[in-house]
Amino acid sequence: ILGGREAEPHLRPYMASIQVDGRHLCGGFLLNEWWVMSAAHCVEEMSPGATVQVLLGAHSLSQPETSKHLYEVRNLFPHPDSNHDNIHHDILLIQLAEKATLSSAVQPLPYQRGARDIAGGTLCSVAGWGITSHAGRKPDRLQQVELPIMDRTVCNQRIYYDNDITDKMICAESRKKDACRGDSGGPLVCNGVAEGIVTSGSRVCGNWKKPGIYTKIASYVDWIDSVLASAS
Ligand SMILES: CC(C)CC(=O)Nc1cccc(-c2cccc(CN)c2)c1
């Protein structure tokens, strides 16, 4: 997170750290006791033998906290149309190997099911353990930042993304305040509801000419319901 600040500990009890071989790689968020949502790109680049785990209830990645619990993963469901070469359908469902124990520090976050676009200018927030400087400084404790939504028509202008933003994506302003490497997969939260998922998009951070791109969760409700219903 660039331009943000340390979050209030455990005030975002839905936040997950997606870890590969014991190292934070991406953000994510708890949907219910069995499922976590993140971005497909986060697990694409994984070597086959790598171990994916999900850390819940954390504020600090390194310090012991009674609320922290590292969960094994039963299965990964990247969207079937997601791929390494573009940011379309950048959504991932993670099935935990055991039921998450809920607490004041571990709680699910509702996600938007209605298709209507969120209004430009709406102030939303993003949190994560992604880098906090262009030098690549990695925070130990959860960071957060507030970002205004950018209307898709504006975001598709030539000076920004020149019609690359589909109706399955949401844009948010990125002037100084932005998500960055390691924040992918975290939720864009507006009025207490997850509207989007952080994608790496242009892989640029904090540049106003490259607004943040977020997967529009409401566009994938049917797929989400089918995966959650199908899996054991
Ligand atoms: C998908 C991961 C395994 C690799 C990765 O995340 N790379 C990477 C590199 C530079 C910027 C970003 C990035 C993330 C989130 C938002 C944005 C855009 N503000 C950029 C992301």
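Both counts, for ligands and for their atoms, begin at 1 and track the order of listing. Quick caveat: nothing in here was measured; it's all calculated off a predicted structure.
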Is there any N or O on [X] that sits under 3.5 Å from an N or O of ligand 1?
| X | answer |
| --- | --- |
| Asp178 | yes |
| Ala179 | yes |
| Leu25 | no |

Could you check whether [Y] and [X], counting side-chain N and O atoms only, form a donor-acceptor pair closer than 3.5 Å?
| X | Y | answer |
| --- | --- | --- |
| His59 | Glu6 | yes |
| Ser62 | Asp140 | yes |
| Gln53 | Glu72 | yes |
| Arg12 | Ser125 | yes |

Check each atom of ligand 1 against the heavy atoms of [X] and keep those under 4.0 Å away; list them by number with element.
| X | answer |
| --- | --- |
| Val198 | 15 (C), 16 (C) |
| Ser184 | 6 (O), 14 (C), 15 (C) |
| Thr199 | 15 (C), 16 (C), 17 (C) |

### Verdict with reasoning, Arg152 to Asp167, per salt bridge (charged side-chain N to carboxylate O under 4.0 Å, His left out)
CA-CA 8 Å; Arg152 185 179 299 106; Asp167 60 2; over 6 Å; no
### Task
Check if Leu2 has a non-hydrogen atom at a distance under 4.0 Å from any atom of ligand 1.
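The answer is no: ligand 1 sits nowhere under 4.0 Å from a heavy atom of Leu2.
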### Query
Does ligand 1 have an atom that lies less than 4.0 angstrom from a heavy atom of Gly201?
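It does not, in that no heavy atom of Gly201 comes within the 4.0 Å cut-off of ligand 1.
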#### Entry: Heavy-atom nearest neighbour in the protein, as seen from atom 20 (C) of ligand 1, with distance rounded to 0.1 Å
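The closest heavy atom on the protein side is Ser200 O, 3.4 Å.
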### Task
Around atom 1 (C) of ligand 1, find the nearest protein heavy atom and jot down its residue, atom name and distance.
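The answer is His41 O, 3.8 Å.
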### Query
Should the pair His41 and His84 be assigned to parallel (<30°), tilted (30 to 60°) or perpendicular (>60°) ring geometry?
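Perpendicular: the ring planes of His41 and His84 meet at over 60°.
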### Query
Taking the six-membered ring for Trp, are Trp208 and Tyr160 parallel (under 30°), tilted (30 to 60°) or perpendicular (over 60°)?
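Judged by the thresholds at 30° and 60°, the geometry between Trp208 and Tyr160 is perpendicular.
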### Query
Out of Glu44, Met46, Arg203, Lys210, whose heavy atom is nearest to atom 4 (C) of ligand 1?
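Nearest heavy atom to atom 4 (C) of ligand 1 lies in Arg203.
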#### Entry: Flag side-chain contact, heavy atom, 4.5 Å: Thr51 against Val73
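With C-beta onward as the side chain, the pair stays apart.
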